[in-house]
Each structure stands twice: as structure tokens, then as C-alpha cells.
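Structure, as C-alpha cells:
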Amino acid sequence: MTARDRILSAIRTALGPGKPPAQIAAEAAALLDPAGIARPHLVAPALPDAFALKATALGTTIDRITALADLPQAMARYLDAHGLPARFAMQPAPELAALDWEGLAPHQGTAPDEPTALGLALCGIAESGSLVIHSGPDNPILMSFLPLHHVAVLRESTLLPYLEDYAARLSAQAVPRNAILITGPSGTTDIEGSYVRGAHGPGFLHVILIADAGTEPG
């Protein structure tokens, strides 16, 4: 018997007989029951409040409206507050195009130096204050990366408590070419520990939360 065989034999003896598969399965189930014991408590009981608290803690700004029809006024408020031009890039989604944009000038296409872009988020994650955006024919992915100011429309009805809830949802549908999770505005402290805003994407992230229970965007 080689030294290797002696070592393995000693290990087998110390471990004793293996557990039957049924016992292993029962022990695994016990560890996962209830699943909630492994999840942190949300910072607020209501998903919209939990999302808003986590998002603002990361530098995201929040505006809350009651219906999609109020979006142009909310967009105008944001542009005015930041001294931005009325012209901005907008996702070519039918529900956005159908709104009354009088006094504003949304356009399709995103220039490399685009100041502001407006688009729809697929859903939000209350645990982390994250947005989920999927690319598609009516959602150019560069809108989430090129502009200095990224304004995202998020329906409260699409909020999910935890990241794994989004993973479960994604597994039940066609996987997009790009699935993006955005948690706060872009920033880095890589250079001498100094915070630089907008280093890898938009320096400002603004979320307009819609309280209605209409059709999910995206």
C-alpha cells in the first residue's frame, strides 16, 4: 500500500459510512427552509420606499409621479433644476413617443457628448436600489452609458425585493443580448483615492418612479 493509499484509507475510516442521498437532501432542504433567513431585511416595508432609500444613499436622485402622463413635467423639472437644454435623447419606445412633449425636444440617437438621455427601466431591485435595463430593438444600450445625465423611468409595479428574484424572472424568459444592472451614478476612486464622478458612465442618475400599475416597460 502506497503512502497515498494509507492516507485515503485513514480519511475514509475517520469519515465513517456515507450518508444516504435522502438524508443529504433533507439536510439541504432544512438549510434553505425558510429561504428568508438568508436574506437581509429591506430598509423599509414598502418596496418603493426601500428602493428609494437605497438608491438615494448611493447618489441617485428620485422623483415620484402618479402616472406616465406626468412624465414630461417631471422631465422638465429635472432639466430646469440642472440647467440642461430642452433637447435630450429619448428611447424610441411607443409609450414615450405618445406623450405630450410640448416645450421639450426629445430625439432619437445618442451622441458621444449627449448631455441627457431618458429611457425605461425593466425593473428595480429594492435590496440594492439597482435598476435593470435590457437591450432590444427599441432600447439602444448606449443610452445608459454615454450621456452625463441618465434619467430612467421605473414603474413601482415592477419592483422586486431581491436580486435573486430578478434572476428567477430572467430564467423564465428569453435572455437579452445585454442585461445591465445600474446601482447609482458612475464614479471611481482609482486615481489617488480621489472621487471622480462619471468615470465609466453617466455622472448623474435620476429615477422617476411611477406609482400606477400599468403595463411593465421594456
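Every heavy atom of this structure was used, including side-chain atoms; hydrogens, water molecules and symmetry mates were not.
One distance of note links CG of Leu79 with CZ of Arg77; it measures 11.0 Å at 0.5 Å rounding. Separation of atoms CZ (Phe51) and OG1 (Thr158) is listed at 8.5 Å; rounding is to 0.5 Å. Atom OG1 in Thr110 sits 6.5 Å away from atom CG in Leu142 (nearest 0.5 Å). A distance of 8.0 Å separates CG of Leu58 from OG of Ser128, quoted to the nearest 0.5 Å. Interatomic distance, Leu99 CG to Leu71 CG, rounded to the nearest 0.5 Å: 6.0 Å.
Glu102 CD: 12 or fewer foreign heavy atoms inside a 6.0 Å radius.
At a threshold of 4.5 Å between non-hydrogen side-chain atoms, the residues Pro137 and Pro92 do not count as touching. Side-chain atoms of Pro161 and Leu47, non-hydrogen and from C-beta on, do get closer than 4.5 Å to each other. Val132 places none of its side-chain heavy atoms less than 4.5 Å from the side chain of Leu160. Between Pro176 and Leu170, the closest side-chain pair of non-hydrogen atoms falls below 4.5 Å. For the pair Leu42/Glu127, a side-chain contact is recorded, criterion being any heavy-atom separation below 4.5 Å from C-beta on. Contact check for His150 versus Ile182: side-chain heavy atoms found under the 4.5 Å cut-off. Pro48 is listed as a side-chain neighbour of Leu159, based on a closest heavy-atom distance under 4.5 Å. Looking at heavy atoms from C-beta onward, His82 lies out of side-chain contact with Leu148 at the 4.5 angstrom threshold.
Between Ala117 and Pro147, the closest heavy-atom pair is CB-CG, 3.3 Å. Of all non-hydrogen atoms in Lys54 and Ala126, the two that sit nearest each other are CG-O, 3.6 Å. Here the closest heavy-atom approach between residue Gly109 and residue Ala89 is recorded as O-CB, 3.4 Å. Across all their heavy atoms, Leu84 and Pro115 have their closest contact at CD2-CB, 4.4 Å. Scanning all heavy atoms of the two residues, the minimum distance from Pro94 to Asp138 falls at CD-OD2, 4.2 Å. Scanning both residues, Ala86 and Gly103, for their nearest heavy atoms gives CB-O, 3.9 Å.
No donor-acceptor pair closer than 3.5 Å links the side chain of Ser9 to the backbone N or O of Asp5. A donor-acceptor contact shorter than 3.5 Å is absent between the side chain of Ser130 and the backbone of Thr183. Under a 3.5 Å cut-off, the side chain of Asp165 and the backbone N or O of Tyr162 do form a donor-acceptor pair.
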Would you please test Arg64 and Glu156 for salt bridge (charged side-chain N to carboxylate O under 4.0 Å, His left out) and show each step?
-> CA-CA 10 Å; Arg64 302 174 86 158; Glu156 291 183 357; 3.4 Å; yes
Working for side-chain contact (heavy atoms from CB on, under 4.5 Å), residues Ile62 and Leu209 | CA-CA 7 Å; Ile62 302 287; Leu209 274 172; 4.0 Å; yes
Walk me through it: do Leu120 and Arg155 pass the test side-chain contact (heavy atoms from CB on, under 4.5 Å)?
-> CA-CA 9 Å; Leu120 301 168; Arg155 293 189 186 275; over 6 Å; no
Starting from the C-alpha separation in whole Å, work towards a yes-or-no answer on side-chain contact (heavy atoms from CB on, under 4.5 Å) for Ile180 and Leu131.
-> CA-CA 8 Å; Ile180 305 171; Leu131 296 173; over 6 Å; no
Stepwise side-chain contact (heavy atoms from CB on, under 4.5 Å) test for Tyr78 and Asp63 | CA-CA 9 Å; Tyr78 182 80; Asp63 191 3; over 6 Å; no
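No option in Gln91, Met90, Met75 other than Met90 meets the side chain to side chain contact (heavy atoms under 4.5 Å, CB included) test with Pro106.
Partners of Asp70 by salt bridge (charged side-chain N to carboxylate O under 4.0 Å, His left out), not counting sequence neighbours: none found.
Residues Leu104 and Met143 fall into different hydrophobic clusters, defined by Ile, Leu, Val, Met, Phe, Trp and Tyr side chains chained together at heavy-atom separations under 4.5 Å. In terms of hydrophobic clustering, with Ile, Leu, Val, Met, Phe, Trp and Tyr side chains grouped at heavy-atom distances under 4.5 Å, Leu205 and Leu146 are assigned to different clusters. In terms of hydrophobic clustering, with Ile, Leu, Val, Met, Phe, Trp and Tyr side chains grouped at heavy-atom distances under 4.5 Å, Phe145 and Val207 are assigned to a common cluster.
In summary, the aromatic rings of Phe88 and His149 are positioned with their centroids too far apart to meet the 6.0 Å limit.
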